[in-house]
Asks: 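Sharing a structure, written as structure tokens. Questions coming.
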There are 2 protein chains.
Amino acid sequence: MEKDKTDKKDHILDVAERVFAEHGYDGASTRMISGEAGVNMAMLNYYFGSKEGVFLAIFDRRITSFQNVLLSIGNDESINSWEKLDKYLDSYIDKVVTNNCFHIMLNREISKSKKTDLTDQITDIIMKNVTVFQNIIAEGIKKGDFNKDADQQLLVATIFGTKNYIVNTPHISSKVLGFDVLDAGVQNDLLKPRFKKYMKTLLKAYLQNENDNNNL
Amino acid sequence: MEKDKTDKKDHILDVAERVFAEHGYDGASTRMISGEAGVNMAMLNYYFGSKEGVFLAIFDRRITSFQNVLLSIGNDESINSWEKLDKYLDSYIDKVVTNNCFHIMLNREISKSKKTDLTDQITDIIMKNVTVFQNIIAEGIKKGDFNKDADQQLLVATIFGTKNYIVNTPHISSKVLGFDVLDAGVQNDLLKPRFKKYMKTLLKAYLQNENDNNNL
DNA sequence: CAAAATTAATCAAACGATTGATTAATGTAA
DNA sequence: TTACATTAATCAATCGTTTGATTAATTTTG
């Protein structure tokens, strides 16, 4: 059945995503992935062509819907800059914490100083989400909602960097925060709400115009 | 001569540090490293025992002096919390931007969800720098210098996360910032001063007690 | 001092193991 | 039967490491 085949391919990608997050792309062997997925090694090449094909297939599964959600928030004309910022953060934090394996895998492979085809591809993907955020900030500054002296570009480093620190280096952030950031229950009950609140407070403290407290 | 031997070992570590940063630990082969260093492959094992020995030798070279500098700032009783924060940021940002290869290499190998001996070792190393920063914040809050409602732990994620974003994903941050963050000249003339100023402004906006503007 | 003995440094070649990928054979369902 | 799915076996390439031999440097000895 077509259904079963799709399920099986999806199962392989689920496992591969986790194994790539655990050991990195180079550190994860095709035998490791197929073994944990309970399928014959040759099936990876049969379905996805190659190891890199598996890697890219994981991408296709995740990026499109996510990017469209963020894009729709950025293009929403009915809300002001502060509300856009809130909605963006809510959606973004929910998604990246839940799909932490994917984002660990993604960011690890771009943490190389050498450019490759793969780093270029990942850069393009990541930059789409970055651009949406940048536009929200730039628009807010232009409208006078946000402090015009804000460093828009380094603010990008702060929001995505803070997220990366929590999600991509779980052993560090778990130690700092005092709980296991990889635990799904903890993520929903503790991490997400606290992270959202913090991020909004931080951005408001930095972006707020002086002598203008009515947005707090 | 002893001198020449140390120079040679140091040269190998210089090259290995760069190659590890370029391709990652698994992606960098011993042939690649020895080839670029212009030495016979067997010399890596002769000097450092193994590939992992090379990796760990790079650590020994970098961490000790750096940690002592930060530690002395944290223990300085003659300055207040705001000044400590400033000095910490100045030293930290200088060091991590200059030694970007090392920090790319370091952080990449801890960006795995699976625990290993190596991730545990790296976690311990990183946590030492984190603790110094945490103590500065905690002390400032206790003394009443900083806003007591600040989320100390997520603030850790922000400072180190922002730094990681700039240093460890250079292809992304170069695109966002509009210049090459790996260029040494750009680092000193543009990146470091701007990064320091931004980080201080951001932390002051977040940590400052309300109705207390005399620290700006 | 000079010859001999010892140690350290360097090399090309090969090691066994593992990698990603492919093959040819077999199983399965329409 | 025919087309697709799955398997075990196998492939060449590359991995980190080790080897035995050779050269260079140092120490010991007469």
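Proteins come first, then strands; the chains are lettered A, B, ... in the order of their sequence lines, and each starts at number 1.
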Asks: Phosphate oxygens OP1/OP2 of D/dA5: is one of them under 4.0 Å from a side-chain N or O of A/Lys8?
Replies: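 Checking D/dA5 against A/Lys8, no side-chain N or O comes under 4.0 Å of OP1 or OP2.
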Asks: Round to a whole Å and report the spacing from CD1 of B/Ile33 to P of D/dG16.
Replies: 8 Å
Asks: Look at the side-chain N and O atoms of B/Thr30 and state whether any lies under 4.0 Å from the OP1 or OP2 oxygen of D/dG16.
Replies: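 Yes, because at least one side-chain N or O of B/Thr30 sits under 4.0 Å from OP1 or OP2 of D/dG16.
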Asks: So, is B/Asn40 near the phosphate of C/dA9, with a side-chain N or O under 4.0 Å from OP1 or OP2?
Replies: no
Asks: Can you check the B/Met32 CE to D/dA13 P distance for me, whole Å?
Replies: 18 Å
Asks: In whole Å, what is the span from the CG atom of A/Asp7 to the C1' atom of D/dA5?
Replies: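 Atom CG in A/Asp7 sits about 16 Å away from atom C1' in D/dA5.
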Asks: What do you reckon, are the aromatic ring centroids of A/Tyr206 and A/Phe146 less than 6.0 Å apart?
Replies: no
Asks: Has A/Lys114 got more than 12 heavy atoms of other residues, nucleotides or ligands less than 6.0 Å from its NZ?
Replies: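 No, the 6.0 Å shell around NZ holds no more than 12 heavy atoms from other groups.
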Asks: If you take the centroid of each ring, where Trp contributes its six-membered ring, are A/Tyr92 and A/Phe160 closer together than 6.0 Å?
Replies: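 Yes, they do, as the ring centres are separated by less than 6.0 Å.
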Asks: In this structure, how many angstroms lie between the P atom of D/dT14 and the NZ atom of A/Lys51, rounded?
Replies: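 Atom-to-atom, A/Lys51 to D/dT14, this comes out as 15 Å.
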Asks: If you assign each of A/Arg31 and A/Val39 to its closest nucleotide in DNA chain D, which residue comes earlier from the 5' end?
Replies: A/Val39
Asks: Heavy-atom nearest nucleotide on DNA chain C for B/Tyr46 versus A/Ala28: which residue maps closer to 5'?
Replies: B/Tyr46
Asks: What is the separation between atom CG on B/Leu44 and atom P on C/dA9, rounded to the nearest whole Å?
Replies: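 It is 15 Å, rounded to the nearest whole Å.
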Asks: What nucleotide, of C/dA12, C/dT22, D/dG16, holds the atom closest to the side chain of B/Ala42?
Replies: C/dA12
Asks: Please give, in whole Å, the distance from D/dA5 P to A/Met43 CE?
Replies: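 Rounding to the nearest Å, CE of A/Met43 and P of D/dA5 are 7 Å apart.
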Asks: Let me know, please, whether B/Asn45 or A/Gly38 comes out on the 5' side of the other along DNA chain D by nearest nucleotide.
Replies: A/Gly38
Asks: Which whole-number value in Å describes the distance from A/His23 NE2 to C/dT18 P?
Replies: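 Taking NE2 of A/His23 and P of C/dT18, I get 15 Å after rounding.
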Asks: Measure from CZ on B/Phe55 to C1' on D/dG16 and round the result to the nearest Å.
Replies: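 Computing the B/Phe55:CZ to D/dG16:C1' distance gives 16 Å.
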Asks: Start with the C-alpha distance between B/Phe59 and B/Phe102, add both sets of side-chain angles, then the distance that settles ring pair (Phe, Tyr, Trp, His ring centres under 6.0 Å), and finish with yes or no.
Replies: CA-CA 8 Å; B/Phe59 276 67; B/Phe102 175 65; 5.4 Å; yes
Asks: Quick check on the 6.0 Å ring-centre criterion: do B/Phe48 and B/Phe55 meet it?
Replies: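 Centroid distance B/Phe48-B/Phe55: not below 6.0 Å, so no.
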Asks: Nearest to the B/Met41 side chain among D/dT17, D/dT6, C/dT10, which nucleotide is it?
Replies: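 Comparing D/dT17, D/dT6, C/dT10 against the side chain of B/Met41, the answer is D/dT17.
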